[in-house]
2 protein chains.
Amino acid sequence: MTARRGRPAGASTTRANILGAARAEFSERGYDTATVRGIATVAGVDPAMIHHFFGTKEKLFLATVDLPVDPQTELRAVLTGSTDDLGSRLAARFLEVWDSPAGSAGVALLRTSLQHEWSAKLLREFLLVRALRPIIHTIHTDPTEAAWRAGLIATQLVGLVVARYVLKLEPVASADRAELAASIAPTIQRYLTGTV
Amino acid sequence: MTARRGRPAGASTTRANILGAARAEFSERGYDTATVRGIATVAGVDPAMIHHFFGTKEKLFLATVDLPVDPQTELRAVLTGSTDDLGSRLAARFLEVWDSPAGSAGVALLRTSLQHEWSAKLLREFLLVRALRPIIHTIHTDPTEAAWRAGLIATQLVGLVVARYVLKLEPVASADRAELAASIAPTIQRYLTGTV
DNA sequence: CGGATAATTCAACAAGCGTTGAATTAGGAG
DNA sequence: CTCCTAATTCAACGCTTGTTGAATTATCCG
């Protein structure tokens, strides 16, 4: 317990430990509610280390949220195939990503976005402009219509994430991923190609 | 500016002022981010008044969130009529309520629920047990199926609220209420009576 | 008119926050 | 072997927070 002062022997994993702890704390509590001291405790290091490696709490958050998922790659994968079951593929892949460890960075971003405009801006930009609109643009060329459909899809997907990962509404929270995807898919499909 | 000490002359609206300011601040910022001092400033009173009237910050929040909407009454109104367009009526009435001043109390509750388990519990209880499941129970008597359908509807409705009022995703945020309700209605209807 | 009560301001408290600077120790370069 | 740099702990700072108690003034009941 009485940690010795000064640099310890051997290689250091402190930086990675902090990032892991930060991802966990930010995604559980959101930006303000998570504390630098709390993250340091979880990581098992002195709070000063966080400033040593990341400068400020905000920079740590941005490092935490620097998504390990490349939207471009994801998009291309989902877009190959018929548009008839695009809703199904999109729903399935979406849940896969959010169920993965990468999802917790997303939850951190979402939780914080519900509290801070600067974070909400990041999320809007990512969700609409970078992810959804490009998909829809391959189906509907009219930008107004594409934006409207993208917005509708966003309501369903955001609601899914909030209900499953943040509010933990049962039975959605513990539902089987495939079953949930199957139930949501027709909704996405209608927003993509149906009457709206 | 130099407010005189002691009780002022005339009737007092302070209590109501505080409640109004609290609703605004809580719904804009969420529970922790909103401060007692900030609410007092908006209300134009001393912070001590808040404790005088409400005791603690948490009690003030609960008073703020004591919804001015009676779910029982709302339910009966929505449930009268054919089940074929129940989704449509539900979507329309839902948006009406959230567009009304009563909605900002809801947004406060939601924002806080994304941060605090005790608030999430309130919201879950309200949303699922008190609001959605009773509706579905009138259609499907199997409790497992009813719970599943209620969960699905919750994902769509929660997502609608988060996108429109919290994240302010365009074009959903400024969309015409009726048009938005019409686009969402088929989704609700399928979750109510369709194949899931 | 007198006394209880309610409304208000002010000043201060303890606790928790993010952040900083100095001290200490190890590793690596020349 | 000797510096320089990087990693770490510790102690403290200034700030903001929720909350409290005393002082002050008006209203209301008898």
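By convention in this document, chain letters (A, B, ...) are assigned in the order of the sequence lines, proteins followed by strands, and residues within each chain are numbered from 1. Treat the numbers as computed from the prediction; the structure is a model and nothing was measured.
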Could you please spell out the steps behind the salt bridge (Lys or Arg N to Asp or Glu O under 4.0 Å) verdict for A:R149 and A:E145?
CA-CA 6 Å; A:R149 289 176 183 272; A:E145 183 180 357; 2.9 Å; yes
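- Of the N and O atoms on the side chains of A:S113 and A:S119, at least one donor lies less than 3.5 Å from an acceptor on the other residue.
- A donor-acceptor pair is defined here as one N or O able to donate and one able to accept, closer than 3.5 Å; no such pair exists between the side chain of B:R111 and the backbone of B:Y31.
- Proximity note for B:A48 (side chain, C-beta onward) versus D:dT17, C:dC10, C:dT20: the nearest is C:dC10.
- Rounding to whole angstrom units, CD1 of residue B:I18 and C1' of C:dT8 are separated by 11 Å.
- Atom pair A:H51:NE2 and C:dA22:P shows a separation of 17 Å (rounding to whole Å applied).
- In this structure, CG of B:D32 is placed 15 Å from P of C:dG16, rounded to the nearest angstrom.
- Straight-line distance from the CZ atom of B:R29 to the P atom of D:dT17: 11 Å, rounded to whole Å.
- Computed from coordinates, the B:L60 CG to D:dT19 C1' distance equals 14 Å when rounded to whole Å.
- Looking at B:Y191 and B:T155, their side chains never bring a donor and an acceptor atom within 3.5 Å of each other.
- Of the candidate nucleotides D:dT8, C:dT19, D:dT19, D:dT8 has the atom lying nearest to any side-chain atom of A:F53.
- Proximity note for A:T35 (side chain, C-beta onward) versus C:dC17, D:dT19, D:dT9: the nearest is C:dC17.
- Counting any heavy atom pair closer than 4.0 Å across all strands shown, B:A40 reaches no nucleic acid atom.
- Checking B:D85 against B:Q189 by side-chain atom types alone, no donor-acceptor pair falls below 3.5 Å.
- For B:T56, no side-chain nitrogen or oxygen approaches OP1 or OP2 of D:dG18 to under 4.0 Å.
- Distance, A:I50 CD1 to C:dG18 P: 9 Å, rounded to whole Å.
- Between B:F26 atom CZ and D:dG18 atom P the separation is 9 Å, expressed in whole Å.
- Residue B:R37 places a side-chain atom within donor-acceptor reach of the base of D:dG18, judged by atom type and a 3.5 Å distance cut-off alone.
- If you measure from atom CG of B:D46 to atom P of D:dG21, you get 16 Å, rounded to the nearest angstrom.
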